[in-house]
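Inspection log for the structure reproduced underneath, given as structure tokens.
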Amino acid sequence: MDNFELDSALEDASMPSRTFLFGCELKLSQKEFKMDVADDNAEHQLSLRTICLGADASDDLHLVEAEGLNFEGKNTKITLAALKLSVQPTVSLGGFEIEPPVTFRLKSGTGPVYISGQHLIADFESEEEDDSVLENAVAKQAVKRGAPGASKMMQKKMKMEVEDDDDEDDDDDEDDDDEDDDDDEEEEEEEEEVAVV
């Protein structure tokens, strides 16, 4: 249980990404747990969720340390949790992600301390094949479509614009009628003046 290596059956699986439960126990007789992965074409990610003390842990301070590689590829050590049974028996890490290889150590205390999370394995070869299939599907569906609710809104907007145009046409017609009435009145007045003269 000191070294964690993937089974060959898991390595041969053809799924593009797989998620597995991860867990380890640190205690007085086993203060260190090393997670190492096989050198393959897959990317491994460890997402830590919780670190908690066991029910039979002492009320001493328990320090849990992780050792892994930083962004420069150099070994670095960090304290993940400081636990005490009477004060803080559990820490939620909320998906703290780290790439293996990583070593967990119980720096102080007697344990047991339980670390749990998820182990994600992403296979690049399968993802590249999936990407090419996705690109072909996207190329075939190059027709631009609006959002489902947007078409109703567009119809309402177009209907309102048509109604506005009709209102403007009606206003124009009324204005034309008014002008025609004014022209008729002027012609009648001219006729009356001519008749009076």
Side-chain angles (χ1 to χ4, degrees), residues 1-57 61-85 87-141 145 147-148:
M1 192 165 170
D2 288 339
N3 289 331
F4 177 84
E5 294 186 5
L6 296 174
D7 292 342
S8 61
L10 292 177
E11 291 175 355
D12 294 337
S14 62
M15 290 186 258
S17 65
R18 299 161 286 167
T19 303
F20 301 97
L21 290 176
F22 168 79
C24 68
E25 178 182 7
L26 303 176
K27 54 188 175 183
L28 190 57
S29 62
Q30 183 183 353
K31 288 193 163 219
E32 190 172 285
F33 178 87
K34 184 172 184 173
M35 180 181 180
D36 204 357
V37 293
D39 190 23
D40 55 8
N41 290 335
E43 179 180 326
H44 297 265
Q45 192 79 25
L46 190 59
S47 179
L48 301 178
R49 301 293 181 188
T50 59
I51 301 177
C52 64
L53 291 172
D56 53 343
L61 182 66
H62 294 78
L63 289 176
V64 179
E65 174 184 85
E67 181 179 348
L69 300 176
N70 65 10
F71 71 96
E72 296 173 336
K74 296 180 181 177
N75 246 3
T76 188
K77 297 177 184 179
I78 60 166
T79 301
L80 284 179
L83 304 171
K84 189 170 184 178
L85 193 60
V87 180
Q88 185 172 353
T90 302
V91 171
S92 175
L93 298 174
F96 176 78
E97 294 180 351
I98 189 168
E99 280 187 38
V102 62
T103 303
F104 299 102
R105 282 191 196 89
L106 184 59
K107 289 299 284 184
S108 69
T110 58
V113 175
Y114 300 100
I115 302 172
S116 64
Q118 294 177 317
H119 179 194
L120 174 71
I121 303 170
D123 188 6
F124 287 121
E125 291 176 4
S126 296
E127 285 183 9
E128 289 173 4
E129 292 171 9
D130 290 345
D131 288 344
S132 64
V133 169
L134 181 63
E135 288 172 5
N136 290 338
V138 169
K140 289 178 183 176
Q141 294 180 346
R145 297 179 186 159

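Fair warning: this is a prediction, and the values are worked out from it, not measured in the lab.
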Would you call [X] and [Y] a side-chain contact if the rule is heavy atoms closer than 4.5 Å?
X	Y	value
F71	T76	no
T90	L83	no
V37	H119	yes
L106	K27	no
E67	N75	yes
H44	E99	no
D56	P112	yes
K31	R105	no

Hey, what do you get for [atom1] ([X]) to [atom2] ([Y]), rounding to the nearest 0.5 Å?
X	Y	atom1	atom2	result
L46	I98	CG	CD1	7.5 Å
L21	R49	CG	CZ	10.5 Å
T103	F33	OG1	CZ	9.5 Å
K77	N70	NZ	CG	13.5 Å
F104	L80	CZ	CG	6.5 Å
Q118	F22	CD	CZ	12.0 Å

Between [X] and [Y], which heavy-atom pair has the shortest distance, and what is it?
X	Y	result
L85	A55	CD2-O, 4.4 Å
G95	S47	CA-OG, 3.4 Å
A82	L61	CB-CD1, 4.1 Å

Problem - G111 backbone acceptor or donor facing H62 side chain under 3.5 Å - result: yes

Problem - Flag, side chain of S116 to backbone of C24, donor-acceptor distance under 3.5 Å - result: no

Practice task
Report yes or no: do T50 and S92 form a side-chain donor-acceptor pair below 3.5 Å?
Solution key: no

Exercise for the section: Check step by step if side-chain contact (heavy atoms from CB on, under 4.5 Å) holds for F96 and I51. Expected result: CA-CA 11 Å; F96 176 78; I51 301 177; over 6 Å; no

